[in-house]
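What follows is one structure encoded as structure tokens, with my remarks underneath.
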Amino acid sequence: MKHPLIITCAITGAETTKDKQPALPVTPEEQGVASLEAMKAGASVIHLHVRDSHGRPSQNIEDFRLSINEIRKQCGPEIIIQISTGGAVGESIENRASPLSLKPEMASLNIGSLNFGDNVFINAPKDVESMAWEIHKNQIIPELEIYEVGHLESAYTLLKKGVVKLPFHIQFVLGVPGGMSGEIDNFNHLVKYFESKKTPDCSWGVAGIGRYQLPMAIAAIERGGQVRVGFEDNIFYSKGVLATSNAQLVERVAGLAREAGRTVATPAQARQIYGIK
Ligand code: KMH
Ligand code: ZN
């Protein structure tokens with residue numbers, strides 16, 4: 001039997017703008033509301049990027065504190081908050097690591113570099129190592145962001161070297177221009193590679209970018225993986241039609257899962273699957 005589906009909602013991101021998606025939550029209050037709506041629709045994890053008072057991407061610890069407090073105020077203690085240590089392209093590693101001292105339950109960990117649209121998203125080996133150590137030191141469960149197969153291979157090398165420690169969650173992020181696309185052959189290859197490793201206490205999920213969001217979600221529901229949706233990755237409900245909220249995207253995935261005979265994980269079940277104490 002397949003385990004319950006954990007739905008992560010990446011509500012804001014660093015690249016999405018209000019110009020392109022007017023319902024994008026950027027203030028702490030908006031993020032609190034969006035998280036509550038997403039939770040009610042079936043999300044048990046919020047992948048969190050925050051903005052400063054001008055709406056610009058921020059890795060400032062105080063900006064994170066404000067958003068986390070607001071999400072907790074609105075959603076309660078159950079929801080899992082996963083902070084981004086990826087930030088926006090070009091952010092320094094020190095700034096990217098700074099919110100880790102808030103000791104969230106989960107944090108993203110970017111394993112390798114890649115072209116990211118017109119930019120380069122740099123994750124140098126020494127920086128990955130120091131970020132992994134900060135995450136471990138703060139007893140945070142890492143989510144490894146995998147944009148292409150070389151990153152997945154690196155993840156297992158880092159596990160062998162003890163840089164990355166179990167338990168961890170793997171997120172395939174497919175469809176970033178410069179990374180692997182969300183074609184089903186790519187997905188199948190990554191999942192097969194993951195399964196061949198038979199790593200205990202380790203789960204996987206997929207975040208399809210743009211038009212890949214829905215097909216990747218469907219594939220993961222069927223294959224027993226987890227799913228991430230939200231405005232960080234995709235602003236549309238269907239071709240040319242903007243989604244009205246993050247929750248609308250969550251709700252669709254939750255419905256598809258139930259139709260396919262998979263229950264949607266509660267935050268408590270997600271904690272158990274991810275090994276969050
Ligand atoms: N904004 C991207 C450059 C993460 O959250 O860890 C990186 C990102 C990954 O969003
Ligand atoms: Zn992110």
Side-chain angles (χ1 to χ4, degrees), residues 8-26 31 47-60 63-64 82-99 107-128 131 143-155 170-187 189-190 206-217 228-243 246 249:
T8 293
C9 192
I11 55 172
T12 302
E15 287 78 28
T16 311
T17 61
K18 279 236 191 223
D19 286 354
K20 296 250 162 62
Q21 174 41 279
L24 183 76
V26 295
Q31 290 191 311
H47 172 80
L48 186 64
H49 288 252
V50 301
R51 303 291 172 98
D52 65 14
S53 55
H54 303 286
R56 294 176 302 219
S58 167
Q59 288 297 115
N60 181 284
D63 290 329
F64 266 96
Q82 176 194 95
I83 62 146
S84 168
T85 65
V89 166
E91 186 64 270
S92 73
I93 275 290
E94 290 72 25
N95 287 351
R96 284 167 53 181
S98 96
S108 64
L109 175 62
N110 293 269
I111 291 293
S113 304
L114 77 157
N115 288 345
F116 206 98
D118 295 330
N119 301 299
V120 186
F121 183 35
I122 298 174
N123 294 288
K126 66 171 178 20
D127 294 336
V128 174
M131 191 74 84
E143 174 180 281
L144 278 45
E145 310 298 315
I146 306 295
Y147 303 87
E148 53 106 332
V149 71
H151 296 164
L152 186 58
E153 291 171 349
S154 300
I170 293 238
Q171 187 73 278
F172 302 128
V173 184
L174 301 182
V176 171
M180 247 174 151
S181 72
E183 296 302 322
I184 198 69
D185 285 349
N186 290 342
F187 169 87
H189 179 66
L190 290 165
V206 68
I209 305 299
R211 68 190 170 88
Y212 293 115
Q213 187 162 87
L214 185 57
M216 286 294 93
R228 181 173 103 180
V229 291
F231 288 164
E232 172 168 348
D233 302 333
N234 167 47
I235 58 175
F236 294 103
Y237 190 76
S238 57
K239 194 170 163 57
V241 180
L242 285 174
N246 277 287
L249 298 169

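Small disclaimer: the values here were computed from a predicted structure and weren't measured.
Checked against side chain to side chain contact (heavy atoms under 4.5 Å, CB included), Ala217 has the following partners two or more places apart in sequence or in another chain: Val227, Val253. Considering only residues two or more places apart in sequence or on other chains, Ser113 meets the side-chain hydrogen bond (donor to acceptor under 3.5 Å, both in side chains) condition with none of them. Partners of Thr85 according to the side-chain hydrogen bond (donor to acceptor under 3.5 Å, both in side chains) rule, which considers only residues two or more places apart in sequence or in another chain, do not exist here. Applying the side-chain hydrogen bond (donor to acceptor under 3.5 Å, both in side chains) criterion to Thr8, with sequence neighbours excluded, gives no partner residue. Every residue meeting the salt bridge (Lys or Arg N to Asp or Glu O under 4.0 Å) condition with Lys18, not counting sequence neighbours, appears here in chain and number order: Glu30. The ring-ring contact (aromatic ring centres under 6.0 Å, His included) test applied to Phe231 returns no partner, not counting sequence neighbours. Residues passing the salt bridge (Lys or Arg N to Asp or Glu O under 4.0 Å) test with Arg56 are Asp52, sequence neighbours excluded. Partners of Ser98 under the side chain to side chain contact (heavy atoms under 4.5 Å, CB included) rule, at least two apart in sequence or in another chain, are Ile61. Annotation: side-chain hydrogen bond (donor to acceptor under 3.5 Å, both in side chains) contacts of Glu183 (sequence neighbours excluded): Tyr212. Shown here are the side chain to side chain contact (heavy atoms under 4.5 Å, CB included) partners of Phe236, two or more places apart in sequence or in another chain: Asn234, Leu242.
Within the 3.5 Å criterion, the main-chain N or O of Val50 finds no donor-acceptor partner in the side chain of Ser58. Not a single donor-acceptor pair under 3.5 Å links the side chain of Ser238 to the backbone N or O of Val241. Judged by distance alone, with hydrogens and angles left aside, the side-chain atoms of Gln21 form a donor-acceptor pair with the main-chain N or O of Ala243 at under 3.5 Å. Here the side chain of Gln82 pairs no donor or acceptor atom with the backbone of Ala10 at under 3.5 angstrom.
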Using atom types as modelled, flag every donor-acceptor pair under 3.5 Å from a side chain in residues 119-128 to any protein atom, sequence neighbours excluded.
from: Asn123; atom 1: OD1; to: Arg96; atom 2: NH1; distance (Å): 3.4
from: Asn123; atom 1: OD1; to: Arg96; atom 2: NH2; distance (Å): 2.5
from: Asn123; atom 1: ND2; to: Gly112; atom 2: O; distance (Å): 3.1

Name the atoms and distances for all side-chain donor-acceptor pairs under 3.5 Å in residues 170-182, with sequence neighbours left out.
from: Gln171; atom 1: OE1; to: Val206; atom 2: N; distance (Å): 3.1
from: Gln171; atom 1: NE2; to: Glu143; atom 2: OE1; distance (Å): 3.3
from: Gln171; atom 1: NE2; to: Glu143; atom 2: OE2; distance (Å): 3.4
from: Ser181; atom 1: OG; to: Asn186; atom 2: ND2; distance (Å): 3.2

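Closest approach of Arg51 to Leu24, counting heavy atoms only: NH2-CD2, 3.9 Å. Across all their heavy atoms, Cys9 and Gly230 have their closest contact at SG-CA, 4.2 Å. When all heavy atoms of Ala14 and Pro57 are compared, the pair lying nearest together is O-CG, 3.4 Å. Of all heavy-atom pairs spanning Pro25 and Asn246, the tightest one is CD-ND2, 3.6 Å.
Within the model, atoms CD1 of Ile146 and CG of Leu114 stand 11.0 Å from one another, a figure rounded to the nearest 0.5 Å. Remark: Thr12 OG1 to Gln31 CD distance equals 4.0 Å, nearest 0.5 Å. Rounding to the nearest 0.5 Å places CZ of Arg228 at 4.0 Å from CG of Asp233. Atoms CD1 and CG, on Ile83 and Leu48 in that order, are 8.0 Å from each other to the nearest 0.5 Å. From Ile111, atom CD1 reaches atom CE of Met131 across 10.5 Å, with rounding to the nearest 0.5 Å. We find the CE-CD1 distance between Met216 and Ile184 to be 4.5 Å, quoted to the nearest 0.5 Å.
Each of Glu145, His49, Glu232 was checked for a side-chain hydrogen bond (donor to acceptor under 3.5 Å, both in side chains) with Ser84, and the lone residue meeting it is His49.
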